[in-house]
2 protein chains.
Amino acid sequence: MTTFTPSQVVERTGFSLDTLRYYEREGLIGPIERTAGGRRTYRQEHLDWLDLVKCLRDTGMPISDLKLYTALSNDATTLNERLDLLERHDREVQASIDQLLEQQNHLREKIAWYRGQVGGGA
Amino acid sequence: MTTFTPSQVVERTGFSLDTLRYYEREGLIGPIERTAGGRRTYRQEHLDWLDLVKCLRDTGMPISDLKLYTALSNDATTLNERLDLLERHDREVQASIDQLLEQQNHLREKIAWYRGQVGGGA
DNA sequence: GCTTGAGCTGGAGTGCACTCCAGCATGCAC
DNA sequence: GTGCATGCTGGAGTGCACTCCAGCTCAAGC
């Protein structure tokens, strides 16, 4: 069974060593097995999980929600709750995309105005 | 000339009183005129400016860049620099929209998977 | 003229998500 | 078997953008 050292996980996930340890402390990822010497040995399933964590963090899910989601994931009877959580999050992501697009329009109007000023002054 | 009290500005811009004062301290908006008693009296141009500030903040421009942009706006010869700043920001906004859309795809795949599980278990 | 609410100041406090550090252990490379 | 990179822990520190607070002044209504 392939395992990964902390630095390999850093390389593959883009999280820093400190962030990986922080997430483990916070319960965003289950306790990672250790070598006899105490070093963490990650497995493929951890990398997969961290990809999901990255997706959710990058879309703005707070640590507290991720903590909840992780806890739910340890109980096979919580599929509906997890689905709810992700659907709610999806709606929030959609809302922030919409808001970003709307504000981008204002921004581009402003840019167009500046271009008129700059071009007109030539 | 119409003027606005601080609480009217709160209502119209959505910024809190404390945030308005913080922005003024930080130089994101020029010093606001005062009444004899020391109360701020905002004018329409301030509301317009605050709309732009809101647009830029909501799209993630840091306070430090807004500070710079505000400083540049007090010098009529800086049109090109301001345009540059906004264009750079627009590219960053586009990048975060793109990234959000991409991560939203992953999220929706996960949601679809959950729906399969939940539906399949019925 | 007094009450009540809005506003003032300077400075301290908050919440979030990391990030850094000291001091120590481990492990592979030679 | 020693040197150096990697990793460990607990806890302190950071950066950002506010947000709150005490103690005070001001203004409008009755």
Side-chain angles (χ1 to χ4, degrees), chain A residues 3-43 46-47 50 52-70 89 92-93 96 99-100 103, chain B residues 3-43 46-47 50 52-70 89 92-93 96 99-100 103:
Chain A
T3 63
F4 303 90
T5 65
S7 67
Q8 285 172 325
V9 178
V10 165
E11 197 182 342
R12 278 170 175 73
T13 64
F15 290 123
S16 75
L17 257 187
D18 270 319
T19 299
L20 289 171
R21 295 195 279 243
Y22 166 67
Y23 284 179
E24 192 177 340
R25 268 202 307 282
E26 292 297 310
L28 266 57
I29 184 167
I32 306 297
E33 284 117 291
R34 306 300 183 95
T35 63
R39 272 92 197 282
R40 289 174 178 80
T41 54
Y42 295 85
R43 285 183 284 103
H46 297 127
L47 294 185
L50 286 168
L52 178 58
V53 170
K54 187 150 203 61
C55 168
L56 296 175
R57 281 297 300 126
D58 283 355
T59 49
M61 183 181 282
I63 299 291
S64 57
D65 281 8
L66 267 155
K67 218 180 277 194
L68 174 60
Y69 182 76
T70 307
H89 182 58
E92 269 161 34
V93 172
S96 53
Q99 207 242 19
L100 228 37
Q103 296 288 32
Chain B
T3 62
F4 303 88
T5 65
S7 65
Q8 286 172 325
V9 178
V10 165
E11 198 182 339
R12 278 172 176 72
T13 63
F15 289 123
S16 75
L17 258 186
D18 270 319
T19 299
L20 289 172
R21 294 196 278 243
Y22 166 66
Y23 283 178
E24 192 177 339
R25 267 204 306 284
E26 291 296 311
L28 265 55
I29 184 167
I32 307 297
E33 284 117 288
R34 306 300 183 98
T35 64
R39 273 92 197 281
R40 288 173 178 81
T41 54
Y42 293 86
R43 284 182 285 105
H46 297 127
L47 294 184
L50 286 168
L52 178 58
V53 170
K54 187 148 203 62
C55 167
L56 296 174
R57 282 296 300 126
D58 283 355
T59 48
M61 183 181 280
I63 298 291
S64 57
D65 281 7
L66 266 154
K67 217 180 277 195
L68 175 59
Y69 182 76
T70 307
H89 182 58
E92 270 161 33
V93 172
S96 51
Q99 208 242 18
L100 229 37
Q103 297 287 33

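We name chains A, B, ... by the order of the sequence lines, and we start the count at 1 in each one.
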Which is more 5' along DNA chain C, the nucleotide nearest A:Arg57 or the one nearest B:Leu17? Just name the residue. B:Leu17

Given B:Tyr23, which of B:Asp18, B:Ile63, B:Leu66 fulfils the side chain to side chain contact (heavy atoms under 4.5 Å, CB included) condition? B:Ile63

Would you mind reading off the distance between A:Arg34 atom CZ and C:dA25 atom C1', rounded to a whole angstrom? 13 Å

Salt-bridge test for B:Glu33 and B:Arg40: reply yes if a basic N is under 4.0 Å from a carboxylate O, no otherwise. no

Is it true that a side-chain atom of A:Thr19 and a backbone atom of A:Phe15 form a donor plus acceptor pair closer than 3.5 Å? no

Any A:Thr5 side-chain N or O less than 4.0 Å from OP1/OP2 of D:dG7: yes

For A:Phe4 and A:Arg12: C-alpha separation, side-chain torsions, deciding distance, then whether side chain to side chain contact (heavy atoms under 4.5 Å, CB included) applies. CA-CA 10 Å; A:Phe4 303 90; A:Arg12 278 170 175 73; 3.6 Å; yes

If every non-hydrogen atom of A:Val10 is compared with every non-hydrogen atom of A:Leu17, which pair is closest and at what distance? CG2-N, 3.6 Å

Write down the distance between OH (A:Tyr42) and P (D:dT6), rounded to a whole number of angstrom. 16 Å

Ignoring hydrogens and angles, answer whether the base of C:dC18 and the side-chain atoms of A:Asp18 contain a donor-acceptor pair closer than 3.5 Å. no

Atom-pair distance (CD on B:Glu11; C1' on C:dA6), nearest Å: 14 Å

So what does A:Thr35 hit on the nucleic acid, given a heavy-atom distance under 4.0 Å: a base, only sugar-phosphate, or nothing? sugar-phosphate

Can you find a pair of side-chain heavy atoms, one from A:Ser96 and one from B:Leu100, that are under 4.5 Å apart? yes

Here the pair of heavy atoms bringing A:Cys55 nearest to B:Gln103 is SG-O, 3.4 Å

Using atom CG of B:Asp58 as one end and atom P of D:dA17 as the other, report the distance to the nearest whole Å. 13 Å

What nucleotide, of C:dC18, D:dT19, C:dC8, holds the atom closest to the side chain of B:Thr19? D:dT19

Please give me every residue in residues 22-30 of chain A whose heavy atoms get under 4.0 Å of an atom in DNA chain C, ordered by residue number. A:Tyr22, A:Tyr23, A:Arg25

Bend of the helix from C:dG1-D:dC30 to C:dC30-D:dG1 from end-axis comparison, five pairs per end, nearest 10°, comes to 10°

Whole Å only: how far is the CE atom of A:Met61 from the P atom of C:dC16? 15 Å

Using a 3.5 Å distance criterion without hydrogens, assess whether the side chain of B:Glu24 forms a donor-acceptor pair with backbone atoms of B:Ile32. yes

From CG of A:Leu20 over to P of D:dT9, roughly how many Å is that when rounded to an integer? 12 Å

Given atom NZ of B:Lys54 and atom P of D:dA17, what is their separation to the nearest angstrom? 14 Å

When the distance from CZ of B:Arg40 to C1' of D:dA27 is rounded to whole Å, what number comes out? 17 Å

Between the side-chain atoms of A:Arg39 and the base atoms of D:dT6, is any donor-acceptor pair under 3.5 Å? yes

Once you apply a heavy-atom cut-off of 4.0 Å, does A:Arg21 come out as touching a base, just sugar-phosphate, or nothing? base

Closest non-hydrogen atom pair, A:Thr70 against A:Ile29: CG2-N, 4.3 Å

Residue pair B:Ile63/B:Gly37 against DNA chain D: nearer the 5' end by closest nucleotide is B:Ile63

Between A:Arg21 and A:Arg25 (side chain of the first, backbone of the second, donor and acceptor by atom type, cut-off under 3.5 Å), is there such a pair? no

